[in-house]
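Following: one structure in structure tokens, then a few remarks.
Every chain is numbered from 1 and lettered A, B, ... according to where its sequence line falls, protein lines coming before strand lines. Values in this document were obtained by computation on a predicted structure and should not be read as measured data.
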Protein chains: 2
Amino acid sequence: MKDVAARAGVGLKTVSRVVNGEPGVTPETERRVQEAIDALGFRRNDSARVLRKGRTASIGLVLEDLADPFYGPLSRSVEEVARAHGALLINGSSAEDPEREQELVLALCARRVDGLVVIPAGDDHRYLEPELKAGVATVFVDRPAGHIDADVVLSDNYGGARGGVAHLIAHGHRRIGFIGDMPRIHTAAERLRGYRAAMEDAGIPVAGSWMSLGVTDPERVRRAAEEMLTGPDPVTAVFAGNNRVTVTVIRVLAEQARRVALVGFDDIELADLLQPGVTVVAQDAADIGRTAAERLFRQLDGTLATPERIELPTRLITRGSGEIPPAD
Amino acid sequence: MKDVAARAGVGLKTVSRVVNGEPGVTPETERRVQEAIDALGFRRNDSARVLRKGRTASIGLVLEDLADPFYGPLSRSVEEVARAHGALLINGSSAEDPEREQELVLALCARRVDGLVVIPAGDDHRYLEPELKAGVATVFVDRPAGHIDADVVLSDNYGGARGGVAHLIAHGHRRIGFIGDMPRIHTAAERLRGYRAAMEDAGIPVAGSWMSLGVTDPERVRRAAEEMLTGPDPVTAVFAGNNRVTVTVIRVLAEQARRVALVGFDDIELADLLQPGVTVVAQDAADIGRTAAERLFRQLDGTLATPERIELPTRLITRGSGEIPPAD
DNA sequence: CTGAAAGCGCTTACAG
DNA sequence: CTGAAAGCGCTTACAG
């Protein structure tokens, strides 16, 4: 900028005015400055700008795994809202590791992002207290924050799961299995609660062997599904706790002779083209992301007062697998 | 930082030393400083740090659409490499719009990212010349840069498509359709070239009605597929130019009485569970991202000399749909 | 082991 | 319409 000013024979402030399109520069001066900018290949250094202005026009998004089909659309919709507000998006995956989440979040804070959208991996977010006090806007998504009062946007996990299981019961099932993620994960716990509620509503006692919670890698899920299907008290239907689980359960069911009903939480691509089509409890990832990001920018506008908990509805989509009657 | 120094009764430089874990501070002094840091909730401002140090420890990734299942794993692997080098990832979607690509790239340059991984939407990247001269490391991915000499990592689109079409020919097909993305997109053009080559290798003249290039939204693709399948010279097999096309073609074929063979470019989740399983030419998105990011950091290390073009192989995965014989 | 001064590249508040 | 001075929060190069 100094070089540009020297070459154009003007003061620093005049260059600043031209670069930022501020008024109060004669066309002739502006031309000279512009010419110098082009000749020198000058580009304003936003880091320096940020240092003076306070805001960085960037927000951070910490999620579990960018490669998961649920988070792609979510990221994209957060990005679109950020873009509408002139902000860039810094993205990071926690890989479901609380330490990595904290490391990422604090790195983002050190970069002085204006706001933070966090899909929590950990369950204690007190480490964020000083940052919140310092004015970093924050919205938690998909799972609530731990030990801290903050905005949170989530799906109706309890209601969705309860409805999905009730659907299976309505089609005549009583022995229904539940395979979900680790119980420390809020969504998994809530969906399990929904499962239990639906069973209780129907007066069906639940056998311990019908519930399996744990990591959602294919091996664990496969084992859990096989045990439920072939044990002494085999289930006639399975409720899958998320998209990763559903995919593996579909694989297992495809190998079974007996037809077993299935309802999965989360929609999956091509679910309608499988034989049978896969009935799911769908959440709208893009809508969740949009809602969270809009709330974040409203915090930054100062138009938001107290933290709120926003619960978005889910939608049961019947495609065949959830309407299969019990085999026996 | 000034406040911390005042509270601890030390100089600025000493605080800096403690914050950065530099040697040359007595344990007692360090304790006092640390205490002041905690009490004040101090966090180093990386923007200011960047201003002095030169490097921002962040890289930018501009892709087409974060919500596309091909780009999720790619982003994630770029992120992992960045993380290994202590850098954060700023992510942006161009939505296949050259202007938006340029806008994003230049915004990233103004933030002084150390490097840039770009999946180009446009075909002229001369606007990047001043930045490259200024030392921004850059790697193009999936499609080459336009009018500029830069590193590029791509799949063997030509060879992959040629192999996929040859596979259909080997199974007895002669009337084979090709449905792809807009011809100005490099990957689409290369895959079409591969299709033509395979047909020519087999001495099969290609009818104009067998090729359809354009946007890959479901409506256009559906129309194209239906025309090829029901026209005066109907095809017995379809080669789908990318994952978006494949999904729609599968839908159309499911509605047809006649069994039509299909090979798609890009693997898709659950492809093995459809009836029939979908034969694809797979590219490894994670590997592409990793290769590009590693090259980027080697540029930053200075261990890289001249720009190179790296072509990654594709893999034909047979699952049934590509092995269906011609209907007539 | 410790700290005062200068400077990174901008903007703010002010004066001319 | 234009510009000189001060300062954003840090690090560098140096001296003690």
message = Whether R76(B) and E80(B) form a salt bridge (side-chain N of Lys/Arg under 4.0 Å from carboxylate O of Asp/Glu) is what I want to check.
response = yes

inquiry  = Applying side chain to side chain donor-acceptor pair (under 3.5 Å) as the test, list every pair that has at least one member in residues 107-123 of chain B; sequence neighbours left out.
reply    = T56(B)-D114(B)

Identify each donor-acceptor pair in which a side-chain atom of residues 22-29 of chain A lies under 3.5 Å from a protein atom, sequence neighbours left out, and give them as a table.
from: T26(A); atom 1: OG1; to: T29(A); atom 2: OG1; distance (Å): 2.5
from: E28(A); atom 1: OE1; to: R31(A); atom 2: NE; distance (Å): 3.4

ask   = Does a nitrogen or oxygen in the side chain of T29(A) sit under 4.0 Å from OP1 or OP2 of dT2(D)?
value = yes

Would you be so kind as to tabulate the donor-acceptor pairs closer than 3.5 Å made by side chains of residues 83-93 of chain A, with sequence neighbours excluded?
from: R83(A); atom 1: NH1; to: E103(B); atom 2: OE2; distance (Å): 3.2
from: S93(A); atom 1: OG; to: L66(A); atom 2: N; distance (Å): 3.3
from: S93(A); atom 1: OG; to: E79(B); atom 2: OE1; distance (Å): 2.7

ask   = Just to confirm, is there a sub-4.0 Å distance from OP1 or OP2 of dC1(D) to any side-chain nitrogen or oxygen of T26(A)?
value = no

key: Between dT2(D) (C1') and E28(A) (CD): distance, integer Å   = 14 Å

Please set out all donor-acceptor pairs under 3.5 angstrom arising from side-chain atoms of residues 140-148 of chain A, sequence neighbours excluded.
from: R143(A); atom 1: NH1; to: E96(A); atom 2: OE2; distance (Å): 2.8
from: R143(A); atom 1: NH1; to: P120(A); atom 2: O; distance (Å): 2.7
from: R143(A); atom 1: NH2; to: E96(A); atom 2: OE1; distance (Å): 3.3

key: Watson-Crick or G-U stems involving DNA chain C, each at least 3 pairs long, distances under 3.5 Å, ordered by first number   = C:1-3 with D:14-16, C:5-12 with D:5-12, C:14-16 with D:1-3

ask   = Reading nucleotides 8-16 of chain C from the 5' end, what letters show protein touch, with B for base, S for backbone sugar-phosphate only, - for no heavy atom under 4.0 Å?
value = BBBBB----

request  = For V10(A), answer base if it contacts any base atom (sugar-phosphate contacts may also be present), sugar-phosphate if it contacts only those atoms, and nothing otherwise; contact means non-hydrogen atoms under 4.0 Å.
outcome  = sugar-phosphate

message = Looking at dG3(C), I'd like to know if its phosphate oxygens (OP1 or OP2) sit under 4.0 Å from a side-chain N or O belonging to T14(B).
response = yes

remark   = Between L116(A) and C109(A), the two heavy atoms sitting closest are CD2-SG, 3.9 Å

Distance-only donor-acceptor check, side chains Q283(B) and S155(B), under 3.5 Å = yes

query = Does any donor atom in the side chain of H125(A) or E101(A) lie under 3.5 Å from an acceptor atom in the other side chain?
reply = yes

